[in-house]
Amino acid sequence: MERLVYLGMRGDIVHPGIINIIKEGAKRGELLVGLLTDSAIANHKRLPHLTYEQRKSVIENIKGVARVVPQEEWSYVPNLRKYKPDAIIHGDDWQSGPLQKERDDVFAAMAELGGEVIEIPYTRGVNSGTLNNAIREVGTTPDVRLGMLRRLIDNKKIVRIMEAHSGLSGLIIENLEMLKGDGLHSFDGMWSSSLTDSASKGKPDIEAVDLTTRLQSLTDILECTTKPIIFDGDTGGRLEHFVFTVRTLERNGVSAVIIEDKVGLKKNSLFGTDVRQDLAEIDDFCEKIAAGKRAQVTRDFMIIARLESLIAGFSVEDALERADAYVKAGADGVMIHSKTKSGEDIKAFCTRFREQHKHIPIVLVPTTYNAWTEKELCGWGANIIIYANHLLRASYPAMVNAAKSILEHERSLEADSFCMPIKQILELIPGGK
Ligand code: SPV
Ligand code: MG
């Protein structure tokens, strides 16, 4: 019987390095490809450009591939135990870098199974990482970007979203990555916040910045990023206007709009009961959600209902009753907001909502109850965590400090120590030279 050789791969971008390893594997036996599923990848790296089914149909048609099976975990080991191959083949690039632990585990498992680990020289100069970066430079399409949020929700335990109010803040979210013990950490997408978008224009957060103006900031962000965007739609305005907002956002490739169940002059939720916060009638808000759902033209766009009961001084019970009605009206997810420090009200809501609705995404904005970690919030049932205002809140004091230093010293020399070097800002955005 022919030897069985296992090859684990993402199979998103096919390049000569992939073809080479397939050839080398097929030379040594029947080649079984373990194709990483979206969820195996999502918690470690960016989602692939192609879906699992699309990747599978490409890889299974490459000469030398005998069979493609899903690899549901980032680790190769569960599939090695399942298929008991005589050998596993891998590029030797994993001898150093982030895959070292995976490599150690594979050696241990193969020793146990009596199989062999074959390492072949890694094809230099071309790999999916550099090709991925090249694709990112080219950009994305509205369709691909729009659909990305649902794919992330389906495949990640927690979708991590950060506020962007300008192209520059969008670029931070797009590019920042941190390698930690359990893999590569990054933000999954952006929140177009009414608070930070308004504040950066010197306006209060009272729906005074109209949609056309909000779209200008959004366009700046869209032009230099590829990650999905959730748009803060405030109250959604009048139902007759909201249906146009939905289509405008979709056309621009925004993945979701969140609208809150308030009426009258909107005030920022974090004022809580210090200001007047009037809740909408349940039926009226349901009608607005349903009208939005009828208006959307794509399958993937999401309308998320934001519950302001706890902000306006009402109970978890009230929020639950409303959440149930909004879901029945067609909401694709709910966002529960609160300004308590403990977050116990949010926890109570999440736990009880999850008993009723197993799969409706829950969005949390832990601005005040921020001692809880993402893992803990995920344990309550949350799917999306939004850091709603932190880049703007971080930048303002930094700007004030620089301005103060110049006033104090009547020159800018002292401010240099907390400003980025001129060379760095010149080179921050490619294409300036
Ligand atoms: C925003 O970021 O504009 C929000 C969240 O709506 S909050 O400011 O907490 O109301
Ligand atoms: Mg807002």
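All of these numbers come straight from a predicted model, not from anything done at the bench. One-based numbering, in listed order, for ligands and for the atoms of each.
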With a 4.0 Å cut-off on heavy atoms, does Thr367 reach ligand 1?
-> no
If the plane angle is over 60° it's perpendicular, under 30° parallel, otherwise tilted; pick one for Phe107 and Trp94.
-> tilted
Between Ser315 and Ser309, the two heavy atoms sitting closest are O-CB, 4.0 Å
Nearest-0.5 Å distance that lies between atom CG in Asp300 and atom CZ in Arg151 = 10.0 Å
For ligand 1, which atoms, with element, lie under 4.0 Å from some heavy atom of Ser269?
-> 10 (O)
Kindly confirm whether the Mg ion (ligand 2) is within less than 2.8 Å of some N/O/S atom in Ser269?
-> no
Distance from atom 2 (O) of ligand 1 to nearest protein heavy atom, with residue and atom = Ser193 OG, 2.8 Å
Pull out every atom of ligand 1 sitting under 4.0 Å from any heavy atom of Leu270, numbered as shown with elements.
-> 9 (O)
Would you check whether Leu195 has a nitrogen or oxygen atom less than 3.5 angstrom from a nitrogen or oxygen atom of ligand 1?
-> yes
Of all the atoms in ligand 1, which lie at a distance below 4.0 Å from a heavy atom belonging to Ala388?
-> 2 (O)
Looking only at atom types and distance, does a side-chain atom of Arg393 sit under 3.5 Å from a main-chain N or O of Tyr396, one as donor and one as acceptor?
-> no
With a distance cut-off below 6.0 Å to the six-membered ring centre and an angular limit of 45° from the axis, does Arg322 pair with Phe285 as a cation-pi contact?
-> no
Metal proximity, Asp234 vs the Mg ion (ligand 2), N/O/S cut-off 2.8 Å | no
Checking heavy-atom distances from atom 6 (O) of ligand 1 to each of Glu260, His165, His337, Arg306, the winner is Arg306
Using a strict cut-off of 4.0 Å, indicate which atoms of ligand 1 neighbour a heavy atom of Ser194.
-> 3 (O)
Asp220 side chain to Ser166 main-chain N or O, any donor-acceptor pair under 3.5 Å?
-> no
Got an N/O contact under 3.5 Å between Asn268 and ligand 1?
-> yes
Ignoring hydrogens and geometry, is there a side-chain-to-backbone donor-acceptor pair from Lys266 to Val263 under 3.5 Å?
-> no
Quickly, which of Thr225, Thr226, Asn252 forms a side chain to side chain donor-acceptor pair (under 3.5 Å) with Arg145? Name it, please.
-> Thr225
How wide is the angle at the Mg ion (ligand 2) between OG in Ser194 and OD2 in Asp232, to the nearest 10°?
-> 90°
Partner of Asp188 by salt bridge (charged side-chain N to carboxylate O under 4.0 Å, His left out), out of Lys156, Lys227, Lys157 = Lys156
Does ligand 1 have any atom sitting under 4.0 Å from a heavy atom of Asn389?
-> no
